[in-house]
Amino acid sequence: RPTMVKLLDFFEPFLPYLPEVSKPKKLPPIKERIMWTAMALFIFLICCQVPVYGSRPSKTSDPFYWMRVVLASNKGTLMELGISPIVTASLIMELLVGVKIISMDQNNAKERATFEGAQKIVALIITFVEGFAYVMSGMYGDTRNIGYVMCFIIVAQLMVATVICMLLDELLQKGWGLGSGISLFIATNICDTIIWKSFSPSTLNTGRGMEFEGAVIAFFHLLLSRSDKVRALKEAFYRPQLPNLTNLMATGLVFIVVVFFQGFRVELATTSQQGNARMEPYSIKLFYTSNMPIILQTSLISNFNFFSQILSRRFGDNFLVNILGKWEEKEYSTNGQLFPSGGIARYITAPQTFGEMLNDPIHAIFYITFVLASCAFFSKMWISINHTTARDVAKKLKEEGRWLKQTRRTEEDMANTLNRYIPTAAAFGGLCIGALTIMADFLGAIGSGTGILLAVTMIHQYHEILQKEGQELGLSWLKKKVQ
């Protein structure tokens, strides 16, 4: 057996001590599952509001500034790290399986349980490392003033929050709720951000007088308070560094485009084992790997920027650290926020403004190329990791007693036919996801392009779940869909 498999076995003694949610003996009714889903979301939202005990927040740069919405995290609260440790642990472990460093039989219950337990432990290790780096970098105040015991308590709180996140996700994924907890938390965080930046009543002094943060409220306030209505209208649509109506319209446009692309699919007719009954067709969507490419890419960039910024603050004069990323304040920085001004971090981060993109076309071209290539790569890689390749799908259809109508009754022939569609859908779908993300970023959509894309795909997933299982709710529009 490979060396890394022995390392996987090393986790086995710790598995009995890990908290776990047991599977329901039978699938609960849809109403009960909605109740558990709402309860999981309620607990998550409470954690997003509970401040970290013992911290002394200071006006320091936030390493997760760009990714907080996507990582379902909230600065200064128990959900400081959000889902970042869980997604990163999943990425690392799945990559090790994908490149055959760890071999795991999905049909072997013991091996699967060991792998899932190991993934939890890796997530806790990542939480400890990120939490320790956070505390020691002074994000919660000077460590000498806080005290080392309190520093340990802060890291422990972040680890408990990660455990809560894992259990809530497990609760939904094991059948007690609907969909994935991770997806639910991200979608909620993004929708919350969009609504807040549209209707926020908080005021800010921008140097042009007091202005409302929310784009819609600011629009009416500017029209009523300014004597020059044309200038007020122009400001409501184009004001810099605060949400404006152009951002809001861009957000709506991206929502419509993503929903439109969600409908692109190829449906392959299937028949039963005996060939005398038509069965549900097998659909290959354009977004074959759903939102996984952008989640993996976001996780990669967020972790890179996190450690690059912390290293830059500590060892700013080091040549190698500056190659990773050079960070400095901009004229529009708030609360001492740092932005990448050089190194790799600059080129893998989206330009902050349209003017910045025009002034540095090399940065824009590199960023576009990086996002498109990484999304296509992660999408193609994910079908192998997630066992959704043409051969895997052919095997699954055979086990279900379904055969593609256009092929002979052999698994090999089905795999060959599916191979004409699945790799193309995975790569091109990943490319489209990357392109939509870039378009949304450059249009200035609220919540970032990545965030909107994730929100729409996740809401669409829940819509599909309700279409399949929502008859019990007695909603007429759902019944019409499933009939």
Side-chain angles (χ1 to χ4, degrees), residues 11 14 17-19 43-69 71-89 92 119-168 185 189 299 302-318 320-322 324-329 333-340 345:
F11 292 107
F14 302 99
Y17 303 101
L18 288 174
I43 294 168
F44 169 77
L45 291 174
I46 288 174
C47 290
C48 283
Q49 299 302 319
V50 176
V52 174
Y53 175 73
S55 66
R56 297 180 184 178
S58 55
K59 289 188 177 181
T60 53
S61 181
D62 181 6
F64 281 147
Y65 176 74
W66 296 269
M67 305 297 173
R68 283 210 178 272
V69 175
L71 296 175
S73 68
N74 197 10
K75 188 178 179 183
T77 68
L78 291 178
M79 286 298 159
E80 180 77 70
L81 302 178
I83 62 164
S84 175
I86 301 169
V87 174
T88 306
I92 291 169
Q119 198 165 287
K120 287 181 181 178
I121 293 170
V122 172
L124 289 173
I125 292 169
I126 291 169
T127 304
F128 177 81
V129 172
E130 289 187 349
F132 180 78
Y134 235 83
V135 171
M136 296 312 291
S137 67
M139 286 298 297
Y140 293 115
D142 194 323
T143 51
R144 289 169 296 183
N145 295 334
I146 297 173
Y148 290 107
V149 173
M150 189 54 72
C151 287
F152 173 79
I153 292 172
I154 289 172
V155 174
Q157 289 175 76
L158 297 178
M159 292 182 74
V160 169
T162 297
V163 171
I164 291 171
C165 241
M166 286 191 293
L167 290 176
L168 293 176
F185 303 153
N189 219 31
S299 177
S302 67
N303 281 288
F304 182 89
N305 282 349
F306 175 80
F307 289 106
S308 169
Q309 190 174 149
I310 285 174
L311 287 170
S312 182
R313 288 174 62 186
R314 285 275 179 170
F315 313 103
D317 298 327
N318 187 287
L320 292 175
V321 169
N322 286 334
L324 292 176
K326 194 173 180 181
W327 299 76
E328 63 181 33
E329 285 190 46
S333 297
T334 56
N335 296 327
Q337 182 60 48
L338 299 177
F339 293 84

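Counting begins at 1 with the first residue of the sequence.
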*Asks:* Would you list the atom pairs, donor with acceptor, under 3.5 Å between side chains in residues 122-129 and any protein atom, with sequence neighbours excluded?
*Replies:*
{"from": "Thr127", "atom 1": "OG1", "to": "Ala123", "atom 2": "O", "distance (Å)": "2.8"}
{"from": "Thr127", "atom 1": "OG1", "to": "Thr162", "atom 2": "OG1", "distance (Å)": "3.0"}

*Asks:* Side chains of Trp327 and Ser308: does their closest heavy-atom pair fall under 4.5 Å?
*Replies:* yes

*Asks:* With side-chain contact (heavy atoms from CB on, under 4.5 Å) as the criterion, how do Asn303 and Glu130 come out once you've worked through the C-alpha distance, each side chain's angles and the decisive distance to 0.1 Å?
*Replies:* CA-CA 9 Å; Asn303 281 288; Glu130 289 187 349; 2.6 Å; yes

*Asks:* Under a 4.5 Å cut-off applied to non-hydrogen side-chain atoms, are Ile83 and Cys165 in contact?
*Replies:* yes

*Asks:* Go through the structure and list residues passing side-chain contact (heavy atoms from CB on, under 4.5 Å) with Phe14, not counting sequence neighbours.
*Replies:* Phe10, Ile121

*Asks:* Kindly assign one of parallel, tilted or perpendicular to the pair Phe185 and Phe44, based on the angle between their ring planes and the thresholds 30° and 60°.
*Replies:* parallel

*Asks:* Please list, chain by chain and in numerical order, all residues satisfying side chain to side chain donor-acceptor pair (under 3.5 Å) with Lys120, sequence neighbours excluded.
*Replies:* Glu170

*Asks:* Within the structure provided, determine whether Gln157 and Ile153 are in side-chain contact (heavy-atom separation under 4.5 Å).
*Replies:* yes

*Asks:* Ser302: what forms a side chain to side chain donor-acceptor pair (under 3.5 Å) with it, not counting sequence neighbours?
*Replies:* none

*Asks:* Please name all residues satisfying side chain to side chain donor-acceptor pair (under 3.5 Å) with Ser73, sequence neighbours left out, ordered by chain then number.
*Replies:* Arg68

*Asks:* I'd like to know whether CZ of Phe132 has more than 12 heavy-atom contacts from other residues, nucleotides or ligands below 6.0 angstrom.
*Replies:* no

*Asks:* Please round to the nearest 0.5 Å and tell me the distance separating atom CD1 of Ile46 and atom OG1 of Thr77.
*Replies:* 12.5 Å

*Asks:* CE/Met150 to CG/Asn145 distance, rounded to the nearest 0.5 angstrom?
*Replies:* 12.5 Å

*Asks:* For Ser84, enumerate each residue passing the side chain to side chain donor-acceptor pair (under 3.5 Å) test, keeping only those at least two apart in sequence or located in another chain.
*Replies:* none

